[in-house]
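Only this structure's heavy atoms are used, side chains among them; waters, hydrogens and symmetry mates stay out. All ligand and atom numbering here is 1-based and tracks the order in the structure. The structure presented is a predicted model; accordingly, all values stated were derived computationally and were not measured. FYI, the numbering just counts along the sequence from 1.
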Amino acid sequence: MKHLLKMLDLSTEEIIDILNLADQLKYELKHGIPHNHLKGKTLGMIFQKASTRTRVSFETGMYQLGGYPLFLSSNDLQIGRGEPVQDTARVLSRYLDGIMIRTFEQKEVEDLAEFGNIPIINGLTDFSHPCQVLADLMTIREFKNSFEGLKMCFIGDGNNMANSLIVGCLKVGMEVSIACPEGYRPAQEVLDFANGYDCFTITDSPIEAAKNADVLITDVWSSMGQESEIEKRKIAFNGYQINDELMAVAKPDAMVMHCLPAHREEEITTKVFEAHANEIFEEAENRLHAQKAVMVKLMAK
Ligand code: CP
Ligand code: NVA
């Protein structure tokens with residue numbers, strides 16, 4: 001494993017290895033056991049979109065590993081004024097030991113990996129959010145002990161989260177059902193992958209998808225960069241909500257997760273959100289541990 005660009009690139013063994021290391025690093029942090037695996041290393045963090053969790057968890061995580069994180073806003077970098085990503089990659093490779101990037105196009109992340117010669121970590125693109133899904137898998141395993149026999153149901157937009165969850169959950173052996181409106185389905189590349197699994201289903205009916213689910217997940221109806229479509233999307237996604245009606249058809253002990261930020265009373269009711277705040281905020285915390293594991297796997301050489 002040289003980079004973390006998208007879930008499609010990871011083998012099941014690589015995913016499980018990252019999750020095992022994430023559990024260990026979480027234990028070490030909680031017990032005050034030093035884990036300076038990245039002493040003296042530097043991570044550049046390029047942000048072309050806003051962030052709370054990704055920025056703070058990478059920055060803190062790098063510090064806890066003994067390394068040094070550099071926050072690089074695209075507004076301040078020459079990349080924001082049109083310097084090609086190919087050149088940025090070749091320059092930054094000479095200063096840094098790794099780059100985390102949050103941007104729009106997946107191609108930009110793939111180009112950084114192709115033209116640079118240091119590990120690249122995708123901190124969210126329009127296509128995927130692998131760091132979040134590794135944290136989600138870590139959280140599911142923490143609450144349910146194993147992935148065996150579990151069904152994950154995603155309700156809403158076939159966006160970066162849906163794309164990554166479908167692939168990640170199928171790779172660790174879970175059953176996956178997706179409910180999204182026509183016209184807002186996951187990427188074709190992801191559907192092509194998922195259609196190879198008998199335990200994958202896609203429907204436009206949230207109730208159908210949620211039946212017997214062990215884990216229910218949703219995300220915002222409008223992602224970053226889709227601000228001009230908000231009103232249109234509110235109409236398209238009406239009814240694609242995790243609420244009591246959906247919870248009633250899921251397993252009685254079903255977990256609910258959300259990558260955050262959440263829009264209460266849109267994709268999830270306040271009541272369900274607060275009833276499952278325990279899982280949702282553990283999921284947010286696990287970003288820190290899962291990303292530390294990714295950085296150690298990629299950069300501790
Ligand atoms: N879930 C997530 O990636 O949050 P941020 O946008 O705050 O980084
Ligand atoms: N789908 C959301 C996820 C935010 C963490 C977005 O891309 O804005």
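- Residue Ser223 has at least one N or O atom closer than 3.5 Å to an N or O atom of ligand 2.
- Considering backbone and side-chain N/O atoms, Gln132 comes within less than 3.5 Å of an N/O atom of ligand 1.
- Applying the side chain to side chain contact (heavy atoms under 4.5 Å, CB included) test between Cys131 and each of Val294, Ile121, Thr54 identifies Ile121 as the sole match.
- Checked against a 3.5 angstrom limit, the closest N/O atoms of Leu260 and ligand 1 fall inside it.
- Inspection of the Asn286 and Lys26 side chains reveals an N or O donor paired with an N or O acceptor under 3.5 Å.
- Ligand-side atoms of ligand 2 in range of Asn159: 1 (N), range being under 4.0 angstrom from any heavy atom.
- Between the side chains of Thr270 and Glu265, at least one donor-acceptor pair of N or O atoms lies under 3.5 Å.
- Of the protein's non-hydrogen atoms, Asp219 OD2, 3.6 Å is the one closest to atom 3 (C) of ligand 2.
- Using a 4.0 Å heavy-atom cutoff, Leu260 is listed among the residues neighbouring ligand 2.
- Atoms of ligand 2 found under 4.0 Å from any heavy atom of Leu124, numbered from 1 in the order shown, are 3 (C), 4 (C), 5 (C), 7 (O).
- The local environment of CD in Glu245 is sparse, with at most 12 non-hydrogen atoms from other residues, nucleotides or ligands closer than 6.0 Å.
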Query raised in the report: Going through the distances and angles, do Thr203 and Glu208 end up as a side chain to side chain donor-acceptor pair (under 3.5 Å)?
Result: CA-CA 7 Å; Thr203 168; Glu208 203 52 49; over 6 Å; no
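- Short contacts between ligand 1 and His129, defined as distances under 4.0 Å to a heavy atom of the residue, involve ligand atoms 2 (C), 3 (O).
- Below 30°, between 30° and 60°, or above 60°: for Tyr240 and Phe237 the angle between ring planes is above 60°, a perpendicular geometry.
- A 6.0 Å sphere centred on CZ of Phe281 holds more than 12 heavy atoms belonging to other residues, nucleotides or ligands.
- A pairwise comparison of heavy atoms in Gln241 and Leu246 identifies O-CD2, 3.3 Å as the closest pair.
- Not a single N or O atom of Lys49, backbone or side chain, sits closer than 3.5 Å to an N or O atom of ligand 2.
- Side-chain contact between His35 and Tyr27 is absent, with no heavy-atom pair separated by less than 4.5 Å.
- Scanning the protein heavy atoms around atom 6 (O) of ligand 1, the nearest turns out to be Arg102 NH1, 2.8 Å.
- Close N/O approach between Met224 and ligand 2 is found [any backbone or side-chain N/O within under 3.5 Å].
- Taking distance alone, with nitrogen or oxygen atoms compared against 3.5 Å, Leu124 stays at or beyond that limit from ligand 1.
- Looking at Asn160 against ligand 2, only its side chain comes within 4.0 Å, counting heavy atoms.
- Close approach of ligand 1 to Cys259 (heavy-atom distance below 4.0 Å) involves ligand atoms 1 (N).
- Using a 4.0 Å cut-off between charged nitrogen and carboxylate oxygen, Glu279 and Lys144 do not count as a salt-bridge pair.
- The Thr52 neighbourhood of ligand 1 comprises atoms 5 (P), 7 (O), 8 (O), with distances under 4.0 Å to a heavy atom of that residue.
- Looking only at side-chain heavy atoms (C-beta outward), Ile79 and Val85 come within less than 4.5 Å of each other.
- If you check which protein heavy atom lies closest to atom 2 (C) of ligand 1, you get Arg287 NH1, 3.2 Å.
- When only interatomic distances are considered, the shortest N/O to N/O separation between His129 and ligand 2 does not fall below 3.5 Å.
- For atom 4 (O) of ligand 1, the closest non-hydrogen atom of the protein is Arg53 NE, 2.8 Å.
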